[in-house]
There are 2 protein chains.
Amino acid sequence: MTDEATHRRPTLDEVAERAGVSRTAASRALNNAPNVSRDKREAVLRAIEELGYVPNPTARALATQQAGAVALIISGEDPAVLADPFYGQVIAGASTVLEETDLHLVLCLATSARGQVRVKQLLRTRAVDGVMLMSLRGDDPLTRLALTAGVPAVFGGKPLHGDVPYYVDVDNVLGARQATEHLISRGRTRIATLTGPLDTDVGRARRRGYLEAMTLAGLHYRAEESGDFTERSGIAAMEALLARHPDLDAVFAANDNMAAGALRVLDRAGRAVPADVALAGFDGLAVSEITEPPLTTVHQPIRNIGREMTRMLLALIAGENPSPLVLPTTLVQRDST
Amino acid sequence: MTDEATHRRPTLDEVAERAGVSRTAASRALNNAPNVSRDKREAVLRAIEELGYVPNPTARALATQQAGAVALIISGEDPAVLADPFYGQVIAGASTVLEETDLHLVLCLATSARGQVRVKQLLRTRAVDGVMLMSLRGDDPLTRLALTAGVPAVFGGKPLHGDVPYYVDVDNVLGARQATEHLISRGRTRIATLTGPLDTDVGRARRRGYLEAMTLAGLHYRAEESGDFTERSGIAAMEALLARHPDLDAVFAANDNMAAGALRVLDRAGRAVPADVALAGFDGLAVSEITEPPLTTVHQPIRNIGREMTRMLLALIAGENPSPLVLPTTLVQRDST
DNA sequence: TTGTAAGCGTTATCAT
DNA sequence: ATGATAACGCTTACAA
């Protein structure tokens, strides 16, 4: 009603006084506890209304020893990781779940030395009630830190080293195997792969899926280059691959960004896709639909990953003991194969 | 050192006791205030070290009346807006600035009814020391709310209605005009435009730039369809455009996502780009590089927008009175024109 | 059902 | 320089 910009905000004491009750009663009414009489409660609510009272979250947090927030921690080489629309989806998924609670989402990029330090502080000071971590490298000190910080932690994708009790992942091995088997079913035999970073579980798992499929099919052809999931790295890796293995007739890229990069290289090299070289990616990002030709890819339910990570964290905070989750992937065939 | 998971954390009182000083002295040493003797300070720091003390941010926040966090509020139709890599860049920019402070970043999606309510509460309860708002629609109630909440607020892009004192924007009119003039310089005369949402400033501004260029060049051709900055909407809009104005020879799309969609439609319709139809976008997102042909686009320094918004907010919080900022754009010519 | 009083862990004030 | 003492605004035993 009135301009609240300059007005000092009323406290619960003032509400209580106005309602003619004790502060305790006011608090009870505010948090609709059972043990308040009808009339007192109404008096309090009226006073709250009249005074425009809003509770002070910080004071409440101090009293209840709950921060009222959870953090999403994104590790990685540099802040540019966020350019990958992947994270936007995860965040969106997390948000929709948090909306139903009274928890806020704190976003932390642990992508620089300074950022790592800040995350460390976040954990040590227990400034949040729980954390979700993504994109940890094999030797990321954050893994151990998160596990010993005494704060509920769930991981998005298993870290490479160290067993973590709570995580949400997709079956990367199976997905990659299916993509490779699909390429094989299209009659390809000289199938190469563009791997992700081999110091991450996801990078290794997708490579393993490729190898499994090749082995199971009795194919002995092997050709690989690794990248870091960016399109740029896909370009470099594909160039190297083409130089070293000019006879390849198919490529399984560990994600869509790298596949998009590979596509450009193949294009420039005059290799028709899929006629000369069949190409499959992983993720099911928007980019896979807009390339020419659109990419066959292994779709993973990214939004769900964010949702499920958050649900798991909430369960953990509530004192439950949720089981790790492995979400399914689905092969989406498009014109690149 | 010890497993802190179960151990109760020491308080400042305990530090003081251990150091044999008053809590006041301990507090002073902790925040390295000037008025502490050398030996007392050292004793305190030693005690802090030995006890593994970390200050409680909530208690500090209550005492100092500062939340220790700022919020980035993203409005929009649905949570899918985050799929746009645009926001990832803004977030990355904001993070790099916040890393140098002791402020956390709270991310809020005001994309659902529930989300709007939560943002409202965030503002009313003053749970953060300042807010940055993006993607507000013309009639977005958040605009007024943010301005009257008594919390420092900076806007990313001017809201359509209502003058806001603090914002970071790019010169959308000029950028769009340059893109259109570029198309004209390539000999095109029947230039159409795919606009953004016309209830946003950015949507209208880019349309205006198009109109200005056409008028200045004495071109009377007019053709437009509007979308919502998604690739999907670009497809629909381009289809409509092509149906109604089959004679067009160039298109200025209000952003790269829509341009990418338009490209697909043109492709399917057998219109060669740029031979038959020249196509330009806006943003300079990664997508503009990977289409075939790559897109001519108006590049805006997205990362900087996040950085500058944050800097402006910090200045505001510090009690300064920063000036609004309009960042420059640059035309990047690629093969689509 | 009600209220008193004791926290929660800091910082800020004000004498000394 | 120093240290009581009082905020900060809420929750929660505990007693009545």
Side-chain angles (χ1 to χ4, degrees), chain A residues 4 7-45 47-48 51-69 102 121 124-129 150, chain B residues 4 7-45 47-48 51-69 102 121 124-129 150:
Chain A
E4 313 191 3
H7 260 23
R8 205 184 56 74
R9 283 163 42 184
T11 69
L12 194 50
D13 292 270
E14 289 162 19
V15 169
E17 183 177 341
R18 169 97 173 209
V21 304
S22 70
R23 171 171 72 250
T24 310
S27 173
R28 290 207 254 261
L30 176 61
N31 303 302
N32 47 48
N35 50 347
V36 201
S37 67
R38 221 182 122 70
D39 38 344
K40 274 207 198 312
R41 159 167 296 140
E42 280 169 359
V44 170
L45 294 181
I48 285 178
L51 266 46
Y53 168 81
V54 288
N56 179 322
T58 306
R60 180 173 282 179
L62 183 60
T64 61
Q65 301 282 58
Q66 302 194 324
D102 47 3
Q121 287 180 348
R124 296 200 55 197
T125 61
R126 303 260 223 311
V128 291
D129 297 319
Chain B
E4 312 191 5
H7 260 22
R8 208 183 54 75
R9 284 163 37 185
T11 69
L12 194 50
D13 292 273
E14 290 163 19
V15 169
E17 184 177 341
R18 169 99 174 208
V21 305
S22 69
R23 170 170 72 252
T24 309
S27 174
R28 291 207 253 261
L30 176 60
N31 303 301
N32 47 49
N35 49 347
V36 202
S37 68
R38 224 181 120 70
D39 37 344
K40 274 206 197 311
R41 158 167 297 140
E42 280 169 0
V44 170
L45 294 180
I48 285 179
L51 266 46
Y53 167 82
V54 289
N56 180 323
T58 306
R60 180 173 281 179
L62 182 60
T64 61
Q65 303 282 58
Q66 301 194 325
D102 48 0
Q121 287 180 347
R124 296 201 54 199
T125 62
R126 303 259 222 313
V128 290
D129 296 319

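Since the model is a prediction, treat every value here as computed from it, not as a measurement. Residue numbers begin at 1 in each chain, while the letters A, B, ... track the order of the sequences.
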side-chain N/O A:S37 vs C:dT2 OP1/OP2, d < 4.0 Å: yes

Rounded to whole Å, the CG-P distance (A:D13 to D:dG9) equals 9 Å

Using whole Å, what does the distance between atom C1' of nucleotide C:dT2 and atom CZ of A:R38 come to? 18 Å

What's the spacing between B:D129 CG and B:T64 OG1 if we round to 0.5 Å? 8.0 Å

Measure the distance from CZ on B:R60 to P on C:dC8 and round it to the nearest whole Å. 18 Å

Output for pair (B:R60 CZ, B:L12 CG), nearest 0.5 Å, gives 9.0 Å

Can you measure from CD (A:Q66) to OG1 (B:T58) and round to the nearest 0.5 angstrom? 10.5 Å

Of the listed D:dT12, D:dT2, D:dA4, the closest approach to the A:T24 side chain comes from D:dT12

Is there a side-chain contact between B:N56 and the phosphate of C:dC8, meaning an N or O under 4.0 Å from OP1 or OP2? no

Output the rounded distance in Å from NZ (A:K40) to P (C:dT2). 5 Å

Tell me the interatomic distance from B:I48, atom CD1, to C:dG9, atom P, rounded to whole angstroms. 16 Å

Between B:G52 and A:R124, the two heavy atoms sitting closest are O-NH2, 3.8 Å

Let me know, please, whether B:Y53 or A:D39 comes out on the 5' side of the other along DNA chain C by nearest nucleotide. A:D39

Taking only N and O in the side chain of A:S27, is any of them less than 4.0 Å away from OP1 or OP2 of D:dT11? yes

To the nearest Å, how far apart are A:E17 CD and C:dG3 C1'? 16 Å

Name the closest nucleotide to the B:A63 side chain, picking from C:dT11, D:dT12, D:dG9. C:dT11

Need one value for B:P57: base, sugar-phosphate or nothing, where a base atom within 4.0 Å counts as base even if backbone is also close, heavy atoms only. nothing

Kindly say if B:S22 contacts the phosphate of D:dG3, meaning a side-chain N or O under 4.0 Å from OP1 or OP2. yes

Between B:E42 and B:R38, is the closest basic N to carboxylate O distance under 4.0 Å? yes

Is there a donor N/O on one and an acceptor N/O on the other, under 3.5 Å, for the side chain of A:T64 and the base of D:dT12? no

For B:V54, report the nucleic acid contact type (base, sugar-phosphate, nothing); a contact means any heavy atom under 4.0 Å. sugar-phosphate

Please determine if a side-chain N or O atom of A:N35 lies less than 4.0 Å away from the OP1 or OP2 oxygen of C:dT2. no

To the nearest angstrom, how far is A:R23 atom CZ from C:dT4 atom P? 10 Å

Looking at A:Q65, I'd like to know whether one of its side-chain N or O atoms comes within less than 4.0 Å of OP1 or OP2 on D:dT11. no

Closest to the side chain of A:N31, out of C:dC8, C:dT11, D:dT11, is D:dT11

Any N or O donor-acceptor pair under 3.5 Å from the base of D:dG9 to the side chain of A:R9? no

Figure out the CD/C1' separation between B:Q66 and D:dG9, and round it to whole Å. 16 Å

Distance, nearest 0.5 Å, that separates CG of A:L30 from CZ of A:R41: 10.5 Å

